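Have a look at the structure below, then the notes.
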Amino acid sequence: MRKVVNWMTKNIFLIGFMGSGKSSAAHCLQQMLGAEVIEMDALIAKQQKMAITEIFEKFGESYFRDLETKLLLDIQKKQGVVVSCGGGVVIRPENIEYMKKSGTVVLLAASPETVYCRVKDSKDRPVLNGHMNVEYIAGLQEKRRAMYEKAADLTVVTDDKDIETICKEIIRKVS
Ligand code: S3P
């Protein structure tokens with residue numbers, strides 16, 4: 001009972017670099033826990049009636065970051081939701097504050113090589129446009145490392161693990 005209460009009264013925020021497995025884990029957790037899932041990127045694209053790449057192209061990155069912050073403020077009012085965040089959500093310090101106020105922040109970590117394998121064919125990662133290689137990914141991960149670490153209440157490494165194993169580890173650690 002403690003476990004259910006614990007997690008139903010809080011949200012779970014999945015953070016981590018692009019390709020760390022946030023969306024897959026969120027959908028697996030939805031099945032395992034019967035939780036509502038919010039995919040921030042998908043919801044922003046739906047609300048703006050535009051793909052994320054198009055939002056970046058037309059309005060610029062900081063406009064997109066404003067949308068992320070606004071959405072997080074709305075999510076803060078909810079309970080028992082699993083949130084798959086965009087990889088850059090930790091860039092704004094206030095976002096970290098909003099996530100921590102309403103939930104447990106779970107960092108999904110993956111090596112640059114794993115990330116590259118998972119995202120190399122993606123056309124929907126504007127931040128990696130023209131830089132789709134392991135070196136650039138490693139550099140950007142390094143730039144963001146302190147922000148991810150500051151935000152994370154706990155970390156789950158996703159390299160070489162299947163999605164069920166990852167989700168069981170998340171559930172065990174947040175309970
Ligand atoms: C971004 C990650 C993307 C998306 C946007 C920016 C980033 O989300 O929010 O393209 O800055 O790392 P995913 O991590 O789901 O790919």
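First listed ligand is number 1; within each ligand, the first listed atom is number 1. These numbers were taken from a predicted model, which means no experiment stands behind them.
With ligand atoms numbered from 1 in the order given, ligand 1 contributes 9 (O) to contacts under 4.0 Å with heavy atoms of Phe64. The distance from ligand 1 to the heavy atoms of Val127 drops below 4.0 Å at these ligand atoms: 6 (C), 7 (C), 11 (O).
Between Ile137 and Phe17, the closest side-chain pair of non-hydrogen atoms falls below 4.5 Å.
Among all protein heavy atoms, the one lying closest to atom 8 (O) of ligand 1 is Asp41 OD2, 2.7 Å. Remark: minimum distance from atom 16 (O) of ligand 1 to any protein heavy atom is reached at Arg125 NE, 2.8 Å. Among protein heavy atoms, atom 10 (O) of ligand 1 sits closest to Pro126 CD, 3.5 Å.
With sequence neighbours left out, Tyr116 forms a ring-ring contact (aromatic ring centres under 6.0 Å, His included) with no residue at all.
In this comparison of Cys85, Gly88, Ser84, the heavy atom closest to atom 7 (C) of ligand 1 sits on Gly88.
Counting heavy atoms closer than 4.0 Å to ligand 1, residue Lys22 contributes side-chain atoms (C-beta onward) but none from N, CA, C or O. Counting heavy atoms under 4.0 Å from ligand 1, residue Arg144 touches it through the side chain alone. Under 4.0 Å from ligand 1, the heavy atoms of Arg65 that appear belong solely to its side chain.
Judged by distance alone, the side chains of Asp159 and Thr114 do bring a donor and an acceptor atom under 3.5 Å apart. Side-chain contact of Thr158 with Arg118: a donor-acceptor pair under 3.5 Å is present, judged by distance alone.
Here's the thing with Gly19: none of its N/O atoms is less than 3.5 angstrom from an N/O atom of ligand 1.
Counting heavy atoms of neighbouring residues, nucleotides and ligands inside a 6.0 Å radius, atom CD of Gln76 exceeds 12 of them.
Among Val106, Leu29, Ile170, the one residue that satisfies the side-chain contact (heavy atoms from CB on, under 4.5 Å) test with Val82 is Leu29.
Residue pairs meeting the side-chain hydrogen bond (donor to acceptor under 3.5 Å, both in side chains) criterion with at least one partner in residues 50-60, sequence neighbours excluded, are Thr53-Asp124, Glu54-Lys58.
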